[in-house]
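Numbers here simply count residues along the sequence, with the first being 1.
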Amino acid sequence: MTTAGDIMHRGAQWIPAHETLDRAAQLMRELGVGVLPISDENERLCGILTDRDIVVGCVALGHDPSRVTAGDLAQGTPRWIDASADVSEVLQEMQEHQIRRLPVIENKRLVGMISEADLARHLTEEQVGAWAEHVYAGGGTSNL
């Protein structure tokens, strides 16, 4: 059985909810990523922040990214998967919620992220094709 832990990209990092968006953008640049999970004061997942969120939800509205926090943009219930979950559960979660990146949690702590690239590297063409059809054909606008 292939698990989420087997296909995830290790080394994902949180951005604390109290951190500003300019710091989040700097961290994204340093890590070479376009998404950061947001953690609350107990290092629990409370949201997901994308580079697009920073642009559309802050900069394009004329707000100062040094005054807006990651927590200010955290909306809804973030989706995640346990590291021991079977890859079929990963695909189901991503398809059902039309998301492209999924935090992986183990013992209530962030241990990795699963992205489109991870799926492409570890799954069959049929599995990736079915996933893409559900995520992209569904009309969703989520960048996660």
In terms of hydrophobic clustering (I, L, V, M, F, W, Y; side-chain heavy atoms under 4.5 Å; direct or indirect links), are Val35 and Val56 co-clustered?
no
Would Met8 and Ile81 count as a side chain to side chain contact (heavy atoms under 4.5 Å, CB included) if you check the C-alpha gap in whole Å, the side-chain angles of each, and the deciding distance to 0.1 Å?
CA-CA 10 Å; Met8 72 182 181; Ile81 196 86; over 6 Å; no
Sorted by chain and residue number, the salt bridge (charged side-chain N to carboxylate O under 4.0 Å, His left out) partners of Asp118 (sequence neighbours excluded) come out as Arg121
Contact between His63 and Leu21 at the side-chain level, heavy atoms closer than 4.5 Å - yes or no?
no
Sequence neighbours excluded, the answer for salt bridge (charged side-chain N to carboxylate O under 4.0 Å, His left out) partners of Glu30 is Arg23
Test your reading of the model: is there a side-chain donor-acceptor pair from Asp53 to the backbone of Gly57, 3.5 Å cut-off?
no
Residue pair Pro16 / Ala70: nearest heavy atoms and the distance that separates them:
O-CB, 4.0 Å
Taking all heavy atoms of Val104 and all of Ala4, pick out the closest pair and write down the distance.
CG1-CB, 4.3 Å
Closest heavy-atom contact between Leu27 and Leu36?
CD2-CD1, 4.0 Å
Compare every heavy atom of Pro103 with every heavy atom of Met113, then report the nearest pair and how far apart it is.
SD-CA, 3.4 Å
Please round to the nearest 0.5 Å and tell me the distance separating atom CG of Leu45 and atom CD1 of Ile38.
8.5 Å
Measure the NZ-CZ distance between Lys108 and Arg44 for me, rounded to the nearest 0.5 Å.
4.5 Å
Can you list every side-chain hydrogen bond (donor to acceptor under 3.5 Å, both in side chains) pair that touches residues 5-21, not counting sequence neighbours?
Thr3-Asp6, Thr20-Asp22
Find the distance between OG1 (Thr50) and CZ (Arg52) and round it off to the nearest 0.5 Å.
7.0 Å
Can you tell if the side chain of Ile7 reaches within under 4.5 Å of the side chain of Leu119, non-hydrogen atoms only?
yes
Can you tell if the side chain of Leu102 reaches within under 4.5 Å of the side chain of His97, non-hydrogen atoms only?
no
Look at atom CD of Gln92 and say whether more than 12 heavy atoms of other residues, nucleotides or ligands are closer to it than 6.0 Å.
no
Can any side-chain N or O of Glu89 pair as donor or acceptor with the backbone N or O of Asp86 at less than 3.5 Å?
yes
Considering all heavy atoms, the nearest Pro78-Gly47 contact
CG-N, 3.6 Å
When you compare the side chain of Leu123 with that of Leu91, does any pair of heavy atoms fall below 4.5 Å?
yes
Counting only heavy atoms not in Arg67 (residues, nucleotides, ligands), do more than 12 fall under 6.0 Å from its CZ?
no
Between Cys46 and Ala74 the two heavy atoms that sit nearest each other are O-CB, 3.8 Å
Side-chain (Arg109) to main-chain (Glu43) donor-acceptor, under 3.5 angstrom
yes
Indicate yes or no for a side-chain donor-acceptor contact from Asp82 to the backbone of Ser84 under 3.5 Å, with no hydrogens or angles considered.
yes
Under a single-linkage definition using a 4.5 Å side-chain heavy-atom cutoff for Ile, Leu, Val, Met, Phe, Trp and Tyr, are Ile15 and Leu31 assigned to the same hydrophobic cluster?
yes
